[in-house]
A.B. asks: 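Dumping the structure here so I can ask a few things about it.
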Amino acid sequence: MSGLTFKTFAGSSTTLDPSVAKELAKSIKGEILTAETPEFDKVRAIWNAMIDRRPALIARCRTTEDVVACVKFAKQHGLLVAVRGGGHNIAGNAVCDGGLLIDLSLMRTVQVDPAKKIARVEGGALLGDVDQATQAHGLAVPTGINSTTGIAGLTLGGGFGWISRKYGLTIDNLLSATVVTAAGDKLTASEKENSDLFWAIRGGGGNFGVVTSFEFRLHATGTEVLSGLIVHPLADAKKVLKFYRDFALKAPDELAVWFVLRKAPPLPFLPESWHGKEILAVAACYTGDLKTGEQVLQPLRAFGQPIADIIAPHPFSAWQQVLDPLLTPGMRNYWKSHEFLDVPEGLIDVFVDFAGRLPDPQTEIAFAQLGGAIGRVPNDATAYSHREAKFTVNIHGRWDGAANDSKCIGWARDLFKAAGSFSTGAVYVNFLTADEEERVKMAYGGNHAKLIAIKKKYDPTNLFRMNMNIRPS
Ligand SMILES: Cc1cc2nc3c(=O)[nH]c(=O)nc-3n(C[C@H](O)[C@H](O)[C@H](O)COP(=O)(O)OP(=O)(O)OC[C@H]3O[C@@H](n4cnc5c(N)ncnc54)[C@H](O)[C@@H]3O)c2cc1C
């Protein structure tokens, strides 16, 4: 084999003798993959098919020590580094062209201590791995709504889902993390140890090192939640959403109500005549006593003339996977996101207008409810800095085939622009797209300056730059 050409993190290129990669392979328990390895293309693929990058080397780590060896290797040779957890991030920073990809996807162990209500989760675990292990004991940690998302990227950005209004963001339940820093040091980050690092990894993304394990506080949620969808025709969406707005703003912490505007997928509970037609699907999850939940949800269920209502007690892990079939990997995706304090009528008009001209059957407007426990933590308590937001929209441009790129991207950008005047101007760092460099500072908000200071301390040369980057200078 001829020399291995890498991109350096300074932007130039360097060629290493292949024996260097062999030495690295010998020093780790995991595997080293090159372009010649049969699974190379499978391993470098990530959720968003718009991203097609070819690292020079992929290190599939199995242990924290493997990660230490890879970070030291990258530092020694000045290589560009990407870190992959679940590979879900829309911007595609989990993989780089020409660099070293530190892949944690073989590190998915989740250990639960039911007596202490603590879970220790490896950095490559997916949300479904976490739910499976914790729900075996009737316990849960708040995460996201798609079970194939990685716990690492989600947590490092903040993390919210169905039970976050009751139990806070994922980071609000983080007790400690094991972090491999740019110097190749293995550190514990917690309130007691390296507390500045602990503050920074709770919302500052992958800027500060590779997290090889997380320790979470768990909650006794039980194994069932009152949850489901109420589906309305798009023609009724304006009046339903006006009702939704008042209902959601008064909802108890136990309840999270989201909605999606899209074309109806061929779901068995929807009459066939509705398949492919524009709908409003209101998705609700009540985390608490099922009978109380029935009473709380009654007005929402009684409003209007829904096409379908499948609210019922569901196993929590099943509810956590309910949207998986609509969010499969391998499609082209372009997302745009805003945060809101309210759902004003003008915003509803914008959503309904754009939902009437969706560019693709897979494209959707996904609107999530925040608030509750999320908003009761001060903005400077962790690096996540927009806790005042009550709602967030994720404009999910999603389609198949590059021929549809400009149509779908254009629709998402137009909707983003039209909704902009109703937003707070802030954005969740985990929803940023690759072309939103100018919004990164806004995503870190009032915490940006402190994050720069901590970045300077732990990663002064910006080794970890494939992320929503906090530049050390
Ligand atoms: C279909 C879908 C649904 C989603 N739903 C939600 C939701 O309900 N709630 C929510 O909060 N978010 C949600 N997200 C956003 C999600 O939180 C981010 O995409 C997140 O970055 C995914 O984490 P990952 O590990 O899968 O990503 P990756 O693409 O693997 O990683 C993203 C970035 O995180 C960093 N990183 C990853 N692993 C590590 C590590 N171990 N150590 C250090 N840095 C690391 C790297 O910088 C990497 O570029 C969703 C995303 C998708 C695609």
Side-chain angles (χ1 to χ4, degrees), residues 45-51 53 61 64 67 70-71 81-96 101-105 107-108 121-129 142-164 169-171 177-182 189 200-201 203-214 256 258 283 285 320-321 323-331 333-335 337 362 364 366 368-370 374 384 392 394 396 398 428-434 458-459 463-470:
I46 58 169
W47 188 82
N48 184 1
M50 296 273 282
I51 312 292
R53 298 194 184 131
C61 296
T64 300
V67 174
C70 290
V71 168
V81 172
V83 182
R84 177 197 161 114
H88 252 226
N89 196 278
I90 196 74
N93 288 318
V95 61
C96 56
L101 167 54
I102 300 180
D103 173 29
L104 300 193
S105 61
M107 295 175 64
R108 289 174 55 178
V121 180
E122 280 194 309
L126 306 183
L127 306 189
D129 300 327
T143 60
I145 53 90
N146 180 206
S147 76
T148 60
T149 303
I151 192 73
L154 177 125
T155 303
L156 295 169
F160 57 80
W162 296 116
I163 62 172
S164 303
L169 294 172
T170 311
I171 49 169
T178 305
V179 186
V180 178
T181 64
I201 61 168
N207 274 285
F208 304 93
V210 186
V211 180
T212 56
S213 80
F214 298 88
W258 298 21
C285 176
Q320 288 277 90
Q321 295 169 32
L323 298 175
D324 288 5
L326 300 180
L327 296 167
T328 49
M331 290 297 126
N333 286 271
Y334 181 84
W335 291 8
S337 178
Q362 298 194 66
E364 60 186 25
Q369 186 184 8
L370 305 170
I374 300 170
Y384 183 96
T392 181
N394 210 334
H396 283 174
R398 181 177 157 88
Y428 177 36
V429 71
N430 273 349
F431 287 167
L432 283 173
T433 294
Y458 289 99
D459 185 14
L463 180 70
F464 300 111
R465 63 179 62 203
M466 291 296 297
N467 44 46
M468 290 306 156
N469 199 227
I470 297 160

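Just so you know, ligand 1 is whichever comes first in the structure, and atom 1 is the first atom listed for that ligand. Basis for what follows: all heavy atoms, side chains included, without hydrogens, waters or symmetry-related copies.
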A.B. asks: Give the atom numbers and elements of ligand 1 that come within less than 4.0 Å of a heavy atom of N467.
C.D. replies: 47 (O)
A.B. asks: To which protein heavy atom is atom 8 (O) of ligand 1 closest, and what is the distance rounded to 0.1 Å?
C.D. replies: I145 N, 2.9 Å
A.B. asks: Among all the protein's non-hydrogen atoms, which is closest to atom 47 (O) of ligand 1, and how far away is it?
C.D. replies: M466 O, 3.2 Å
A.B. asks: Does the protein put a heavy atom less than 4.0 Å from atom 33 (C) of ligand 1?
C.D. replies: no
A.B. asks: Contact between ligand 1 and F464 is defined here as a heavy atom of the residue under 4.0 Å from a ligand atom; is it met?
C.D. replies: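 The answer is no: ligand 1 sits nowhere under 4.0 Å from a heavy atom of F464.
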A.B. asks: Decide whether the shortest distance between a heavy atom of G209 and an atom of ligand 1 is less than 4.0 Å.
C.D. replies: yes
A.B. asks: Return the closest protein heavy atom for atom 42 (N) of ligand 1 as residue, atom name and distance.
C.D. replies: V211 N, 2.8 Å
A.B. asks: Select one of side chain, backbone, both or neither to describe which atoms of N146 lie under 4.0 Å from any atom of ligand 1, heavy atoms only.
C.D. replies: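 N146 to ligand 1: side-chain contact only, backbone stays beyond 4.0 Å.
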A.B. asks: Provide, to 0.1 Å, the distance between atom 4 (C) of ligand 1 and the closest protein heavy atom, together with that atom's residue and name.
C.D. replies: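 Sorting protein heavy atoms by distance from atom 4 (C) of ligand 1 puts T149 OG1, 4.0 Å first.
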A.B. asks: I'd like to know if the side chain of N207 reaches the main chain of N467, judged simply by a donor and an acceptor atom lying under 3.5 Å from each other, with no hydrogens or angles considered.
C.D. replies: no
A.B. asks: What part of L126, side chain, backbone, both or neither, has a heavy atom within less than 4.0 angstrom of ligand 1?
C.D. replies: neither
A.B. asks: May I have the list of side-chain donor-acceptor pairs in residues 150-158 shorter than 3.5 Å, sequence neighbours left out?
C.D. replies:
{"from": "T155", "atom 1": "OG1", "to": "I151", "atom 2": "O", "distance (Å)": "2.6"}

A.B. asks: Is it true that S213 and T178 share a donor-acceptor pair across their side chains at a distance under 3.5 Å?
C.D. replies: yes
A.B. asks: Taking only heavy atoms of L104, which atoms of ligand 1 are found under 4.0 Å from at least one of them?
C.D. replies: 41 (N)
A.B. asks: Would you say the side-chain atoms of Y428 pair up with the backbone N or O of G159, donor to acceptor, closer than 3.5 Å?
C.D. replies: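 Side chain of Y428 to backbone of G159, a donor-acceptor pair under 3.5 Å: yes, one is there.
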A.B. asks: Can you tell me which residue and heavy atom of the protein come closest to atom 48 (C) of ligand 1, and the distance to 0.1 Å?
C.D. replies: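 Answer, as residue, atom name and distance: V83 O, 3.4 Å.
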A.B. asks: Would you kindly specify which portion of I46 sits under 4.0 Å from ligand 1, judged on non-hydrogen atoms: side chain, backbone, both or neither?
C.D. replies: neither
A.B. asks: For ligand 1, is G157 a contact, meaning one of its heavy atoms is under 4.0 Å away?
C.D. replies: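 False for this residue.
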A.B. asks: Can you give me the closest heavy-atom contact between L127 and N146, atom names plus distance?
C.D. replies: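 Here L127 and N146 meet closest at CD1-O, 3.4 Å.
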A.B. asks: Look at ligand 1 and say whether F208 reaches it with a heavy atom at a distance under 4.0 Å.
C.D. replies: no
A.B. asks: Distance from W47 atom CH2 to T149 atom OG1, nearest 0.5 Å?
C.D. replies: 8.0 Å
A.B. asks: How close do N469 and F464 get, counting heavy atoms only, and between which atoms?
C.D. replies: ND2-O, 3.3 Å
A.B. asks: Can you sort out which atoms of ligand 1 are near N93, meaning under 4.0 Å from one of its heavy atoms?
C.D. replies: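 Under 4.0 Å from N93, ligand 1 has these atoms: 49 (O).
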A.B. asks: Just need the protein heavy atom nearest to atom 27 (O) of ligand 1, so name the residue and atom and give the distance.
C.D. replies: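 Heavy-atom neighbour on the protein nearest atom 27 (O) of ligand 1: H88 N, 3.3 Å.
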A.B. asks: Of the protein's non-hydrogen atoms, which lies at the shortest distance from atom 29 (O) of ligand 1, and what is that distance?
C.D. replies: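 The answer is N89 N, 2.9 Å.
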A.B. asks: Nearest protein heavy-atom contact for atom 9 (N) of ligand 1: which residue, which atom, what distance?
C.D. replies: F160 O, 2.7 Å
A.B. asks: Would you find a donor on one side and an acceptor on the other, under 3.5 Å apart, between the side chain of N394 and the backbone of H396?
C.D. replies: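 It does not hold such a pair.
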A.B. asks: Atoms of ligand 1 less than 4.0 Å from F431 heavy atoms?
C.D. replies: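 Listed by number with element, the hits are 12 (N), 13 (C), 14 (N), 15 (C).
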A.B. asks: Is W335 close enough to touch ligand 1? Criterion: a residue heavy atom under 4.0 Å from a ligand atom.
C.D. replies: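 Checking ligand 1 against W335, which is what was asked, there is a heavy-atom contact under 4.0 Å.
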A.B. asks: For ligand 1, is G87 a contact, meaning one of its heavy atoms is under 4.0 Å away?
C.D. replies: yes
A.B. asks: Considering only heavy atoms, which of N394, D103, L154 lies nearest to atom 10 (C) of ligand 1?
C.D. replies: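 Of the listed residues, L154 has the closest heavy atom.
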A.B. asks: Who are the side chain to side chain donor-acceptor pair (under 3.5 Å) partners of Y458, not counting sequence neighbours?
C.D. replies: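 D196.
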A.B. asks: If you measure from CG on N430 to NE2 on H88, what distance do you get to the nearest 0.5 Å?
C.D. replies: 12.0 Å
A.B. asks: Which of parallel (below 30°), tilted (30 to 60°) and perpendicular (above 60°) describes W335 and F431?
C.D. replies: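 If you compare the ring of W335 with that of F431, the planes turn out perpendicular.
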A.B. asks: I'd like to know if the side chain of D459 reaches the main chain of A182, judged simply by a donor and an acceptor atom lying under 3.5 Å from each other, with no hydrogens or angles considered.
C.D. replies: no
A.B. asks: Indicate the atoms forming the closest heavy-atom contact of T64 with M107, along with that distance.
C.D. replies: N-CE, 4.0 Å
